[in-house]
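Below is one structure, written out as structure tokens, with a few remarks after it.
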Amino acid sequence: MDQVFKTSVDYVKGVGTTRAEMLKKELGIFTFEDLLRHFPFKYIDRTKFYKIKDINADLPHVQLIARLTHKELIGDKRVKRLVAQVKDDTGTMELAWFQGIKWVEKTLVPGQAYIIFGKPGSFNGKAQMAHPEIEPYSPEALKRKGNLTLQPGYSSTEKLKTFSLDSKGIQKLTATLLEQHGKDIHENLPQYILQKNRLMGRQQAYRSIHFPEDATALHEAQHRLKFEELFNIQLKLLKNKLLRTQKFKGFIFSKVDQYFNTFYQQKLPFDLTNAQKKVLKEIRQDTQRGVQMNRLLQGDVGSGKTVVALMTVLMAIDNGFQACLMAPTEILATQHYHSIKSLVGDDFIEVALLTGSTKQKARKPIHEMLKDGRLQLLIGTHALLEDKVQFKNLGLAVIDEQHRFGVEQRSKLWHKNALPPHVLVMTATPIPRTLAMTLYGDLDVSVINELPAGRKPIETIHLYENQRLRMFGFMKQEIAKGRQVYVVYPLIKESEKLDLKNLEDGIEVMSREFPLPDYRISIVHGKLAAADKEAEMQRFVKGETHIMVATTVIEVGVNVPNASVMIIENAERFGLSQLHQLRGRVGRGAEQSFCILMSSHKLSREGRIRLDTMVSTNDGFKISEIDLELRGPGDIEGTQQSGVLDLKMANLATDQELLTNIRHQVEDIFEQDPQLTHPENQILHQMLQTKSGGLTWDKIS
Ligand code: ADP
Ligand code: MG
């Protein structure tokens, strides 16, 4: 937007200081631009007239023409309500007023036909309309209404309404602003992009989004603004990506040598899946180009990301570099440490574990061996980021479960070297492609979309509270076969006390139902000290306990192949991606695995959709799409800091095709004109210079 749109909203004609203050406070509208970008959230269709028989409470605002047959003031001493009957050739309907009764009553003439406009509701099971707009019918009046077509509806607040800034008031201001400065809205997309995509001009789009001439114009305006929004994001992301590849030289892993080959030929206990091979090939190419790798590895739970990470680590070691693997929790880091140790065996590489609870005495040798280069792989938590942790030559940083780390933390890893290490980010939270393109648009993305052969799909069952006995029976049956069982309780911050109570009750019930000495139970929750947590975990990992009762601390990464049953209590309280993560803790061994979702009978619509989704599919990507549809990007982990939330027009759940198309077009632009020096791209060059659109983008890694 041009400079003039940065002007304070005070200066819109007719606003005044008080109302400007209110707009700032209540709606965050500070500038002309903010006001223009306070788009209508609905449009009221005044082009169509309804018949009474077609009117029901589900409809938005409607208008109709009907004749008044009766009016009546209701209430004893004080009039409480005015009701009127209207009638057309299809039926009758009631109108009601609770305020301004006297005045309205005077204007109503029985026998007269009216144009009536309002939101239908229902009263005693019959259609009713409260506080409609009403005006005597005449051909002239009808003509006037016909011109109104689509009326914008703006969100407002109770407070603003007392300052005459209801939807109508805001509409007036917007109209004034467009009159004053509409002509100052300049195009920000190149002419050839407009033509190719048949887009409405920018100025017209802003006019039509607020005051559409008709449905077609509205649609075109929405499309144009959506396009612009997504286009600008991709422009910035791809520019960043380009800059990075130009600016940051990367270490060259020129060879694969004895570490990689020995592991591959002698130690790897299974064949890699094709997807794993494909990803390794991509990584191999990345690390030979002389440019820093920034790759996001997406793969569903159990798809085998750890092996890929390990083999990438071995590539680094083969080329004389050190590597680190950072995980968000101590449990996970420890798990990685053990599983990597067991994959590579003893005396193969020098690997150490560093977490918050690593003893001071153990730290010293780690620090020393890191500095002199003897330590080849360091696995750990945030502890890796401490200043004391100094590598001799860090060539690769693998980050597991990426969304738990902030941008700032990740960039700390970069600065452990003169040259930034190659970065491989792994996430087990599949996210929809559109979201990946937007969130991680400047990373390269690899996907493992295939589970190792021979895995039996997990069977998911939804049981209600009164079927608990069935659940106990099933647990006993599986334990008798030698399997282990997880029982997970929600732990959500707002109601931590209640949850803890739930957990405690649950433990009590479980202990009664599964008594010693036949059954043994591990208990893991957030309130335990790290060492106790670890001990309880290890008892379960080693098969000493049959049941692990836990809060969601086990959500990510934990790997106990013999555990084949996951029971999720109060499953309706978990989000979809969390449910999917939890379920992914089973199905890791050769046995048929099960997930039982326990819920109460009272389910919200969304709660039901979530549980039904879980029962019907194991596909993490499909689940993530549904999650995005249900919640919007705002609630999906990792989006909070990303700017995706600033999307006003585009919807990542429904605009996938458009986004993909735009992404390709922007890629083409940079391919043909990387510096944006062609005259027709000047407009884009300028756009990137200014921080317009309110979106700020930090480097992802
Ligand atoms: P995630 O992608 O969830 O991190 P892991 O890397 O923990 O998955 O792998 C899950 C399990 O599958 C591990 O026990 C691992 O050894 C095993 N695994 C990985 N790749 C294969 C494969 N190609 N064939 C068979 N098992 C595999
Ligand atoms: Mg993992």
Side-chain angles (χ1 to χ4, degrees), residues 1-2 4-5 9 12 27 29 31-48 60-61 146-156 167-235 434 438 632 644-663 665-666 683-684 687 692-695:
M1 285 271 177
D2 267 51
V4 62
F5 291 99
V9 73
V12 178
L27 292 176
I29 295 177
T31 61
F32 286 6
E33 174 172 353
D34 295 338
L35 181 59
L36 271 188
R37 290 180 59 79
H38 187 62
F39 297 125
F41 73 96
K42 67 171 180 189
Y43 298 87
I44 299 157
D45 188 353
R46 302 202 68 158
T47 56
K48 181 174 175 198
H61 285 71
N147 292 337
L148 269 174
T149 61
L150 295 167
Q151 237 179 42
Y154 296 91
S155 60
S156 179
S167 177
K168 276 248 170 68
I170 294 175
Q171 181 184 328
K172 232 182 248 163
L173 292 187
T174 308
T176 308
L177 179 58
L178 279 170
E179 215 167 281
Q180 277 181 290
H181 288 294
K183 59 184 183 326
D184 299 322
I185 300 174
H186 298 300
E187 189 48 66
N188 65 357
L189 291 173
Q191 207 53 45
Y192 68 97
I193 292 286
L194 292 182
Q195 270 163 15
K196 182 170 167 188
N197 297 281
R198 290 202 217 101
L199 297 176
M200 184 183 256
R202 190 158 189 246
Q203 192 182 116
Q204 187 56 48
Y206 270 100
R207 292 184 191 278
S208 296
I209 196 83
H210 290 288
F211 302 102
E213 296 75 4
D214 52 33
T216 314
L218 172 62
H219 185 77
E220 282 182 19
Q222 285 170 329
H223 180 68
R224 146 78 210 207
L225 292 172
K226 227 184 238 185
F227 190 101
E228 168 183 327
E229 203 164 54
L230 295 172
F231 186 93
N232 286 345
I233 293 175
Q234 291 305 319
L235 193 73
T434 49
T438 313
V644 173
L645 297 186
D646 296 338
L647 289 176
K648 286 209 152 165
M649 294 301 294
N651 175 340
L652 293 178
T654 49
D655 293 327
Q656 305 193 13
E657 213 173 310
L658 180 64
L659 175 58
T660 312
N661 178 346
I662 288 172
R663 170 106 176 164
Q665 294 192 36
V666 178
I683 210 166
L684 299 179
M687 224 283 301
S692 69
L695 295 170

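Side chains of R202 and L194 form no contact here, defined as non-hydrogen atoms less than 4.5 Å apart. Within the 4.5 Å cutoff, the side chain of E228 has heavy atoms near those of the N232 side chain.
Distance check: Q191 CD to L199 CG gives 10.5 Å after rounding to the nearest 0.5 Å. Atom CZ of R207 sits about 9.0 Å away from atom CD of E179, to the nearest 0.5 Å. Between L177 atom CG and E33 atom CD the span is 11.0 Å, to the nearest 0.5 Å. Here the CG atom belonging to N197 is positioned 7.5 Å from the CD1 atom belonging to I662, to the nearest 0.5 angstrom. We find the CD-NE2 distance between Q203 and H181 to be 12.5 Å, quoted to the nearest 0.5 Å. With values rounded to the nearest 0.5 angstrom, T31 atom OG1 is found 3.5 Å from D34 atom CG.
In summary, E220 and R224 do not engage in a salt bridge, as defined by a charged side-chain N under 4.0 Å from a carboxylate O.
Not one N or O on the side chain of K648 forms a donor-acceptor pair closer than 3.5 Å with the backbone of F39. A side-chain donor-acceptor contact under 3.5 Å links E229 to the backbone of A650.
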Under the side-chain contact (heavy atoms from CB on, under 4.5 Å) criterion, do L230 and R663 qualify, and how do the steps go? CA-CA 8 Å; L230 295 172; R663 170 106 176 164; over 6 Å; no
Between F227 and L658, does the side-chain contact (heavy atoms from CB on, under 4.5 Å) criterion hold? Intermediate values first, please. CA-CA 8 Å; F227 190 101; L658 180 64; 4.0 Å; yes
Should F231 and L684 be marked as a side-chain contact (heavy atoms from CB on, under 4.5 Å) after you check the CA-CA gap, both sets of side-chain angles, and the distance that decides it? CA-CA 10 Å; F231 186 93; L684 299 179; 3.6 Å; yes
side-chain contact (heavy atoms from CB on, under 4.5 Å) between V12 and Q180: does it pass, once the steps are laid out? CA-CA 8 Å; V12 178; Q180 277 181 290; 4.2 Å; yes
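When all heavy atoms of P152 and P40 are compared, the pair lying nearest together is CB-CG, 3.7 Å. In terms of heavy-atom proximity, S156 sits nearest to I170 at CB-CD1, 4.1 Å. Between I683 and P190 the shortest heavy-atom distance is CG2-N, 3.6 Å.
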Do any side-chain atoms of residues 208-216 form donor-acceptor pairs under 3.5 angstrom with protein atoms, and if so which ones, sequence neighbours left out?
unit_1 : atom_1 : unit_2 : atom_2 : d
S208   : OG     : Q204   : O      : 3.2
S208   : OG     : Q204   : NE2    : 2.9
S208   : OG     : E213   : OE1    : 3.2
H210   : ND1    : Y154   : OH     : 2.8
H210   : NE2    : L36    : O      : 2.8
E213   : OE2    : Q204   : NE2    : 3.3
D214   : OD1    : T216   : N      : 3.1
D214   : OD1    : A217   : N      : 2.8

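Partners of H223 according to the ring-ring contact (aromatic ring centres under 6.0 Å, His included) rule, which considers only residues two or more places apart in sequence or in another chain, do not exist here. H61 is linked by a ring-ring contact (aromatic ring centres under 6.0 Å, His included) to F117, counting only residues two or more places apart in sequence or in another chain.
Between the side chains of E657 and N661, no donor-acceptor pair of N or O atoms lies under 3.5 Å.
When each of I29, L27, L178 is tested with L35 by the rule side-chain contact (heavy atoms from CB on, under 4.5 Å), just one qualifies, namely I29.
A 6.0 Å sphere centred on NE2 of H186 holds more than 12 heavy atoms belonging to other residues, nucleotides or ligands. Heavy atoms from other residues, nucleotides or ligands lying under 6.0 Å from NZ of K48 number 12 at most.
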